[in-house]
Student: 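Structure below; questions to follow.
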Amino acid sequence: MTSSPISERIASVSERIQAACRRAGRSPADVQLVAVTKTLPSETIHAALEAGLKVFGENYIQEARAKIEEIGPSASWHFIGHLQTNKAKYAVKLFDLIHSVDSLKLARELDKRAESINRRIPILIQVNISEEESKSGVDKAYTADLAAQACELPNLEVRGLMTMPPFFDQPEKARPYFKALREVQESIGSPLTELSMGMSGDFEVAIEEGATIIRVGTAIFGPRA
Ligand SMILES: *Cc1c(COP(=O)(O)O)cnc(C)c1O
């Protein structure tokens, strides 16, 4: 096997995932790694595919569209950025999971657009667990309502919740936010099985608190330009 900085970094991230799972008594098979490729060129994604990664996260529709067309169906794509309603028609075509549904209006538009291409589109509801003004996501208190209403939409498959805690230098400080998201999930129950939480700086803590999907960019690809 050839050794590139990317494959070395992936190996190191995998070891850290396994160690966090061991500490939490969880199976690494229950934690999906989404490699976040916003701003990175297609060549980097090709290298990551060669190194064994299959699932990529993108934040911007236009940027993602060009890369997805270029790379083709060998990869799976998740949308993790803020989604404007007028981009829903592209999102349902391009992505296998949309992490960032944060309003009923957006959910309805995704449902309508998914129907028009005969697709049932898996989604997560983004929760603004820290209640910062600057952050996207629904309030904790409104999450159960939105989940229930989205579950009524026949062309959406509501799979779980996503959050982005505030940025901290010390990952331990993010723990209460991850725990709070898990408590929201547990209070709602079925069909919310996925918890998308944890990034390069704090994915181990997120795994200890129950993350089933982690979104990791910098730890795999190095700092973005
Ligand atoms: C950029 C981004 C990430 C990855 O961040 P890193 O710190 O580079 O791992 C994860 N989730 C979302 C929503 C992002 O925008």
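Just so you know, ligand 1 is whichever comes first in the structure, and atom 1 is the first atom listed for that ligand. What you see is a predicted model, and the numbers here were worked out from it, not measured in a lab.
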Student: Which ligand 1 atoms, with their elements, are less than 4.0 angstrom from a heavy-atom of N59?
Tutor: 14 (C), 15 (O)
Student: Any side-chain donor-acceptor pair under 3.5 Å between S130 and E132?
Tutor: yes
Student: If a pair satisfies salt bridge (charged side-chain N to carboxylate O under 4.0 Å, His left out) and one of its residues is in residues 80-99, list it, with sequence neighbours excluded.
Tutor: D96-R119
Student: Indicate whether the side chain of Q126 and that of S100 have a donor and an acceptor atom separated by less than 3.5 Å.
Tutor: no
Student: Under 4.0 Å from any heavy atom of I80, which atoms of ligand 1 are there?
Tutor: 11 (N), 12 (C), 13 (C), 14 (C)
Student: Which heavy atom of the protein is the closest neighbour of atom 9 (O) of ligand 1, given with residue, atom name and distance?
Tutor: S200 OG, 2.5 Å
Student: Is it the side chain, the backbone, both or neither of T218 that has a heavy atom closer than 4.0 Å to ligand 1?
Tutor: both
Student: For R215 and S196, does a side-chain donor sit closer than 3.5 Å to a side-chain acceptor?
Tutor: yes
Student: With R65 as the cation and Y90 as the aromatic partner, state whether NZ or CZ is under 6.0 Å from the six-membered ring centre and within 45° of the axis.
Tutor: yes
Student: Of the choices M199, M164, K38, Q126, which has the non-hydrogen atom that lies closest to atom 14 (C) of ligand 1?
Tutor: K38
Student: For ligand 1, which atoms, with element, lie under 4.0 Å from some heavy atom of V216?
Tutor: 9 (O)
Student: Are L124 and V158 side-chain neighbours, meaning at least one heavy-atom pair lies under 4.5 Å?
Tutor: no
Student: Measuring from the heavy atoms of R224, does anything fall under 4.0 Å of ligand 1?
Tutor: yes
Student: Which of the atoms in ligand 1, numbered in the order shown and given with their element, are less than 4.0 Å from a heavy-atom of R215?
Tutor: 4 (C), 9 (O), 10 (C), 11 (N), 12 (C), 13 (C)
